[in-house]
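Worksheet: one structure, shown below.
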Protein chains: 2
Amino acid sequence: MPVEEIDRRIVTLLAADGRMSFTDLAKETGLSVSAVHQRVRRLEKRGVLRGYAALIDYDEIGLPLTAFISIKPIDPAAADDAPERLSHLTAIESCHSVAGEESYILKVRVASPLALEDLLNQIRAAANVSTRTTVVLSTPYDHRPPAIAP
Amino acid sequence: MPVEEIDRRIVTLLAADGRMSFTDLAKETGLSVSAVHQRVRRLEKRGVLRGYAALIDYDEIGLPLTAFISIKPIDPAAADDAPERLSHLTAIESCHSVAGEESYILKVRVASPLALEDLLNQIRAAANVSTRTTVVLSTPYDHRPPAIAP
DNA sequence: GGTGAAAAGTTTCGGCG
DNA sequence: CGCCGAAACTTTTCACC
């Protein structure tokens, strides 16, 4: 059962402004407040809306260094439980399983180069992997909301 | 002027739940509702809180294919205006300038392999770059909120 | 899906430490 | 100067059509 027109509009609006009120969502969609409310709750229950987050400036909270870390198991036959083995490391913001040369791509946020070095050692030890790190210099844009699909 | 203890706590709480009410933030921080309100508005004005977003399940909105695209200018002396040249492509969720072999890493969301092919052609044409694409197979976790810094 | 009214949340503001 | 508390206003929630 696919998400149809009006639900997709609600999702898109909330992706762009996670704190938009039901009143404003109702105006934008032409529905009543309670109908919008009902749909949002249903979308949350179905998992289409997975949650809400403030977008924050990591420089300002003492985590100015962002990096992508690609990882590859040392033992090619190793069980692929790297995500669980690494999940306790709170510097890791996301973990994607990927096709290609490496197995996973992690996005991490740390305070300093030294903290990155420390994190890399922890990752290698915890998951028995080799790592390839790409340091982010700047972020022209991030978290752009999806375009409304036709 | 760094963000201190109590502000960092507010930011962390909102990063984990972008719709948390001022009342709940007040309870968590031990401040009054109006004091929390004041601090949140100040953090927004300063840009520490950059906005709010719903976290969405892209499978459900018809964009089930995620990929990372690393790009490199064809002409090494080219002006580095790739981000602006690409910003009209709404499939691109984020753009990071990076150190290393390539110049930028893009994260994209598309409907299908065919849509990805089309996007790659548009990227190459718009920014005069070569591309290297890593397809995401699954995402064990994403958008984990930052740990409260000491 | 809509209505309406009670409950809850947000915003503003005068005054206090 | 930032914090508090209360009043004014807005949004959310819920029972019922």
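The sequence lines fix the lettering, A, B, ..., with proteins before strands; numbering per chain opens at 1.
Taking atom CZ of residue Phe22(A) and atom C1' of nucleotide dT10(C), one finds them 15 Å apart after rounding to whole Å. The interatomic distance linking Glu44(A) (CD) with dT12(D) (P) rounds to 12 Å, in whole Å. Summarising the geometry, the separation between CZ on Arg39(B) and P on dC1(D) is reported as 15 Å, rounded to the nearest angstrom. For the pair Asp24(B) CG and dT12(D) P, the interatomic distance rounds to 14 Å; values are reported in whole Å. One interatomic measurement links the two molecules: CD1 of Ile6(B) to P of dC3(D), which rounds to 8 Å at whole-angstrom precision. For the pair Asp7(A) CG and dG1(C) P, the computed distance is 9 Å after rounding to whole Å. Straight-line distance from the NE2 atom of His37(A) to the C1' atom of dT3(C): 15 Å, rounded to whole Å. Atom P of nucleotide dG2(C) and atom NZ of Lys27(A) are separated by 16 Å, given to the nearest angstrom.
Here OG1 of Thr133(A) is found 4.5 Å from CD1 of Ile69(A). Values are rounded to the nearest 0.5 Å.
Within 4.0 Å of Ser21(A), counting heavy atoms only, lie sugar-phosphate atoms of the nucleic acid but no base atom. Using a 4.0 Å heavy-atom cutoff across all strands shown, Ser34(B) reaches at least one base atom of the nucleic acid.
In the set dG1(C), dG9(C), dT11(C), dT11(C) carries the atom at the smallest distance from any side-chain atom of Arg41(B). The listed nucleotides are dG9(C), dC3(D), dG2(C); the one nearest the side chain of Thr23(B) is dG9(C).
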| field | Test log, rule salt bridge (Lys or Arg N to Asp or Glu O under 4.0 Å), inputs Arg132(A) and Glu101(A) | value | CA-CA 11 Å; Arg132(A) 182 173 65 86; Glu101(A) 176 79 5; over 6 Å; no
| task | Take Thr66(A) and Thr139(A) through the side chain to side chain contact (heavy atoms under 4.5 Å, CB included) test and state the conclusion after the steps. | result | CA-CA 10 Å; Thr66(A) 300; Thr139(A) 298; 5.9 Å; no
| said: Could you go through Arg39(A) and Glu4(A), starting from their C-alpha distance and side-chain angles, then the distance that decides it, and tell me whether this counts as salt bridge (Lys or Arg N to Asp or Glu O under 4.0 Å)? | reply: CA-CA 11 Å; Arg39(A) 278 169 182 266; Glu4(A) 45 75 25; 3.1 Å; yes
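Residue Arg19(A) has no polar side-chain atom (N or O) positioned under 4.0 Å from OP1 or OP2 of dT11(D).
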